[in-house]
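First comes the structure, then the notes that go with it.
Just so it is clear, the structure is predicted and the values come from calculations on it, not from any experiment.
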There are 2 protein chains.
Amino acid sequence: MLQKESGGSNKAVSRGYLQGQLVARGVRMTQQRRAILQVMEGARGHLDAASILRIARHDHPDIDRVTVYRTLTLLKRHGLIDELDLLHLGGVGHYYEQRPLQQHLHVACLRCGRVVEIASPLFDKIKGQVERNLAFRVAFARVEIGGYCEKCRPETSG
Amino acid sequence: MLQKESGGSNKAVSRGYLQGQLVARGVRMTQQRRAILQVMEGARGHLDAASILRIARHDHPDIDRVTVYRTLTLLKRHGLIDELDLLHLGGVGHYYEQRPLQQHLHVACLRCGRVVEIASPLFDKIKGQVERNLAFRVAFARVEIGGYCEKCRPETSG
DNA sequence: GGTATAGTTGCAACATGTTGCAAAAGGAGA
DNA sequence: TCTCCTTTTGCAACATGTTGCAACTATACC
């Protein structure tokens, strides 16, 4: 279906997945949104709102914090991105990532702060269990695990 | 003044689980902390920081927001409470609950806001899988699921 | 291309959470 | 009970996220 990177080279602006999705759903496209979506598309890893703002301003210097937050809310509402806390390792902020095809869970080291993503069939199993047991329609799920990676494991065994 | 859950009736101050845990670990006990811990002990359901502050002020009117946040951080660090976002249904705030014996996951309805807790053996399975696959020592895990409960399920089937 | 209009933006103000620092209070020992 | 030392508190300032509102702009229609 929709490709993440468009192969076409005849257009100055390659629309990108997120922009395409929003337009297809009748969402109005503005300069500011284009700049923000571009950032989300090009990102690898997890971005916080301040970083998104900073990068988006390369394209559109007058853009405001508020617009970033509102665009992120829009994308969340359409299920196109996921919002993470990453267990608040870095303070109060949140992080955002384009929703992947394969849902994954986030494992964060409490000491070094590294975040690893892994997919697990148990993820879907939990969702299924909730749907059955609670007669609940699951829209999305978030699994975040905190602990210590191999390098950072505390020496104290007790 | 200080009994909230009167276990026995001959003592004015029943220490409560959280306070006992902290004292046992050599943490200094202050008037402010006592007031906050009392609130956490007596709470059913999930409290946000503002509510904790408001209730704690009944006992100790001069207590500050900052002290509430710092005490919550202390309790988190000792693994005595868990911090939840509940998917930010109610805005930016966080929610806190005493860490239960049986870990559970939180299922929140995106329309009516009701939060249901359920325990699942899959919860522990996921933790085990992470420990094995990533050589990771899991300290805690958080599973939050958003969707629609039976009553709030959207009519639109598409 | 021009116009109407509904959705979007930026600003200001607010709400929630964090940090630095001087003053105050808890707890140990005498 | 008094003193000393360390931890904790409250304040102020800052960082992050949300909301109300007037001005602006993307799109539909002509």
Side-chain angles (χ1 to χ4, degrees), chain A residues 13 15 18-20 22-37 46-57 59-78 81-96 113, chain B residues 13 15 18-20 22-37 46-57 59-78 81-96 113:
Chain A
V13 176
R15 231 187 199 185
L18 293 177
Q19 192 174 330
L22 288 182
V23 169
R25 298 169 196 217
V27 171
R28 190 176 288 184
M29 197 46 51
T30 64
Q31 298 270 320
Q32 291 92 329
R33 281 185 183 162
R34 256 187 286 272
I36 294 166
L37 297 178
H46 308 118
L47 287 175
D48 61 10
S51 303
I52 296 169
L53 176 61
R54 185 165 28 74
I55 303 171
R57 277 183 167 160
D59 280 357
H60 195 101
D62 294 334
I63 200 168
D64 192 85
R65 289 178 339 114
V66 175
T67 300
V68 171
Y69 285 115
R70 283 199 275 231
T71 302
L72 290 171
T73 300
L74 179 73
L75 289 166
K76 278 190 286 178
R77 217 170 45 229
H78 284 271
I81 63 171
D82 287 313
E83 180 183 54
L84 316 168
D85 316 275
L86 298 182
L87 304 166
H88 299 286
L89 295 186
V92 72
H94 297 146
Y95 301 87
Y96 303 87
Chain B
V13 177
R15 229 187 202 187
L18 293 177
Q19 192 173 330
L22 289 182
V23 169
R25 297 169 197 216
V27 171
R28 189 175 287 183
M29 197 46 52
T30 64
Q31 298 271 319
Q32 291 91 330
R33 279 184 182 163
R34 255 188 285 273
I36 294 166
L37 297 178
H46 309 115
L47 287 175
D48 60 10
S51 303
I52 296 170
L53 176 61
R54 186 164 30 73
I55 302 172
R57 277 184 166 160
D59 280 357
H60 194 102
D62 293 334
I63 200 169
D64 193 85
R65 285 173 350 110
V66 175
T67 300
V68 171
Y69 285 114
R70 283 197 275 232
T71 302
L72 290 170
T73 301
L74 179 73
L75 290 166
K76 277 190 285 178
R77 217 170 44 230
H78 282 271
I81 62 170
D82 287 313
E83 181 183 53
L84 316 168
D85 316 278
L86 298 182
L87 305 165
H88 298 287
L89 294 185
V92 72
H94 296 147
Y95 299 88
Y96 303 88

Exercise for the section: To the nearest Å, give me how far apart CZ (B/Arg25) and P (C/dG26) are. Expected result: 22 Å
Practice task
Write down the distance between CG (B/Leu47) and P (C/dT16), rounded to a whole number of angstrom.
Solution key: 14 Å
Handout entry: Given DNA chain D, 5'-ward residue of the pair A/Asp48 and B/His60, judged by closest heavy atom
Key = B/His60
Practice task
Taking all non-hydrogen atoms of both residues into account, name the closest pair between B/Leu22 and B/Leu37 and its distance.
Solution key: CD1-CD1, 3.9 Å
Handout entry: Rounded interatomic separation in angstrom, taking CG from A/Leu87 and P from C/dG17
Key = 16 Å
List every contact pair, protein side and nucleotides 27-30 of chain D side both N or O, where the distance is under 3.5 Å.
| residue | atom | partner | partner atom | Å |
| --- | --- | --- | --- | --- |
| D/dT27 | OP1 | A/Met29 | N | 3.0 |

Practice task
Identify the two heavy atoms, one from B/Lys76 and one from B/Glu83, that lie closest to each other, and give their separation to 0.1 Å.
Solution key: NZ-OE2, 3.3 Å
Exercise for the section: Send over the distance from B/Tyr69 OH to C/dT19 P, rounded to a whole Å. Expected result: 13 Å
Exercise for the section: For B/Asp62, report the nucleic acid contact type (base, sugar-phosphate, nothing); a contact means any heavy atom under 4.0 Å. Expected result: sugar-phosphate
Handout entry: A/Leu22 CG - C/dG7 P separation (whole Å)
Key = 16 Å
Problem - Sugar-phosphate, base or nothing in reach of B/His94, heavy atoms under 4.0 Å - result: sugar-phosphate
Problem - Under 3.5 Å donor-acceptor pair, A/Arg65 side-chain atoms to C/dG10 base atoms - result: no
Practice task
Before giving the answer on side chain to side chain donor-acceptor pair (under 3.5 Å), spell out for B/Asp64 and B/Thr67 the whole-Å C-alpha distance, their side-chain angles and the decisive distance to 0.1 Å.
Solution key: CA-CA 5 Å; B/Asp64 193 85; B/Thr67 300; 5.4 Å; no
Problem - Donor-acceptor pair under 3.5 Å, A/Arg70 side chain vs C/dG10 base - result: yes
Practice task
Taking B/Arg25 for its side chain and B/His78 for its backbone only, find out whether a donor-acceptor pair lies under 3.5 Å.
Solution key: yes
Problem - Spacing of A/Asp85 atom CG relative to C/dG17 atom C1', expressed in whole Å - result: 13 Å
Exercise for the section: Determine the contact category for A/Arg33: base if any of its heavy atoms lies under 4.0 Å from a base atom, sugar-phosphate if only primed atoms, P, OP1 or OP2 are that close, otherwise nothing. Expected result: sugar-phosphate
Handout entry: Gap between atoms CG and C1', on A/Leu72 and D/dT18 respectively (whole Å)
Key = 13 Å
Completion exercise
Shortest non-hydrogen pair, B/Ala35 vs B/Ala56, comes out as CB-O, 4.0 Å
Handout entry: For B/Asp85 against A/His88, the heavy-atom pair lying closest together
Key = OD1-NE2, 3.3 Å
Exercise for the section: Indicate, with a heavy-atom threshold strictly under 4.0 Å, whether B/Ala49 touches base, sugar-phosphate, or nothing. Expected result: sugar-phosphate
Exercise for the section: Return the 5'-most residue of the pair A/Gln32, A/Val92 with respect to DNA chain C, ranking by each residue's nearest nucleotide. Expected result: A/Gln32
Problem - Length of the CG-P vector between B/Asp59 and D/dT9, whole Å - result: 15 Å
Completion exercise
Taking every heavy atom of A/Tyr96 against every heavy atom of A/Ala49, the minimum-distance pair comes out as CE1-N, 4.2 Å
